[in-house]
Amino acid sequence: MEKYDPHEAINYIYTNSDAYALAKGHLAELEVWKSSLKAIKMAESNEQTVTAQEREAYRSEEYQNLSKAIGEATRQAEALRWKLEAAKMRFQAWQTESANNRQIERLTV
């Protein structure tokens with residue numbers, strides 16, 4: 001197995017944590033804005049019933065664009081999250097390998 005520097009994993013997590021936080025924050029903002037946009041679109045509707053107003057809000061171009069933006073923000077946040085998780089797993093694998101190597105050294109000396 002090739003040598004692995006655990007500091008690379010730790011450094012990756014450290015340097016990318018802000019990007020992940022930013023992506024999650026952006027996603028949260030979009031989710032909150034979703035309710036506001038729906039209310040705005042319902043208020044702009046000429047329909048009389050709440051159900052019809054809601055339907056008009058959901059079919060608006062702005063709401064559809066927001067839904068796509070939420071999807072993209074989710075994709076970005078999840079991609080960053082799993083890269084951070086992979087770095088954690090690499091570090092844990094290194095820890096296990098190091099412990100195993102120490103045990104083998106103790107048994108063979």
Side-chain angles (χ1 to χ4, degrees):
M1 183 176 234
E2 71 181 67
K3 276 288 195 191
Y4 181 75
D5 182 3
H7 300 287
E8 288 179 23
I10 295 167
N11 190 46
Y12 180 85
I13 292 168
Y14 180 78
T15 58
N16 287 285
S17 60
D18 283 342
Y20 177 67
L22 184 64
K24 287 294 281 190
H26 182 63
L27 178 58
E29 286 177 21
L30 290 173
E31 288 289 350
V32 170
W33 172 239
K34 186 177 176 181
S35 298
S36 297
L37 180 60
K38 178 182 169 186
I40 291 166
K41 290 298 177 183
M42 287 177 72
E44 290 175 355
S45 175
N46 294 327
E47 298 291 339
Q48 298 301 310
T49 67
V50 172
T51 304
Q53 291 173 354
E54 191 173 45
R55 181 189 67 232
E56 291 296 310
Y58 286 145
R59 63 175 237 148
S60 72
E61 186 176 338
E62 293 93 342
Y63 196 89
Q64 291 175 24
N65 289 340
L66 177 60
S67 295
K68 289 176 187 172
I70 289 171
E72 178 58 22
T74 301
R75 186 200 64 75
Q76 290 175 359
E78 286 299 302
L80 282 167
R81 180 172 80 96
W82 286 108
K83 287 177 182 176
L84 293 172
E85 286 298 318
K88 287 181 200 174
M89 287 182 233
R90 285 183 183 153
F91 182 75
Q92 290 168 347
W94 173 83
Q95 281 181 313
T96 301
E97 183 181 337
S98 296
N100 290 343
N101 288 342
R102 285 191 300 276
Q103 187 66 24
I104 289 170
E105 285 177 21
R106 281 188 218 119
L107 294 173
T108 58
V109 175

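Source: prediction; values computed, not measured.
Rounding to the nearest 0.5 angstrom, the gap separating the OH atom in Tyr58 from the NZ atom in Lys41 is 14.5 Å. For the atom pair OG1 (Thr15) and CD1 (Ile10), the distance works out to 12.0 Å, reported to the nearest 0.5 Å. One distance of note links CG of Leu107 with CZ of Arg102; it measures 13.0 Å at 0.5 Å rounding. Distance CH2/Trp33 to CG/Leu66: 8.5 Å, rounded to 0.5 Å. Between the CD atom of Gln103 and the OG1 atom of Thr108 there is a distance of 10.0 Å, given to the nearest 0.5 Å. With values rounded to the nearest 0.5 angstrom, Leu22 atom CG is found 9.5 Å from Leu80 atom CG.
Atom CG of Asn46 has 12 or fewer neighbouring heavy atoms from other residues, nucleotides or ligands inside a 6.0 Å radius.
No path of Ile, Leu, Val, Met, Phe, Trp and Tyr side chains, each step under 4.5 Å between heavy atoms, connects Leu84 with Leu27, placing them in separate hydrophobic clusters. Under the 4.5 Å side-chain heavy-atom criterion for ILVMFWY residues, no single connected hydrophobic cluster contains both Tyr63 and Met42.
Put simply, the side chain of Thr51 does not reach to within 4.5 Å of the side chain of Arg55, judged on heavy atoms. Tyr12 is listed as a side-chain neighbour of Lys83, based on a closest heavy-atom distance under 4.5 Å.
Looking at Gln53, its side chain does come within 3.5 Å of a backbone N or O of Glu47 through a donor-acceptor pair. In terms of modelled atom types and a separation under 3.5 Å, the side chain of Gln64 and the main chain of Arg59 share a donor-acceptor contact.
For the salt bridge (Lys or Arg N to Asp or Glu O under 4.0 Å) test, no residue two or more places apart in sequence or in another chain qualifies with Arg106.
With Lys38 as the fixed residue, the salt bridge (Lys or Arg N to Asp or Glu O under 4.0 Å) test singles out one of Glu44, Glu62, Glu56, Glu54: Glu54.
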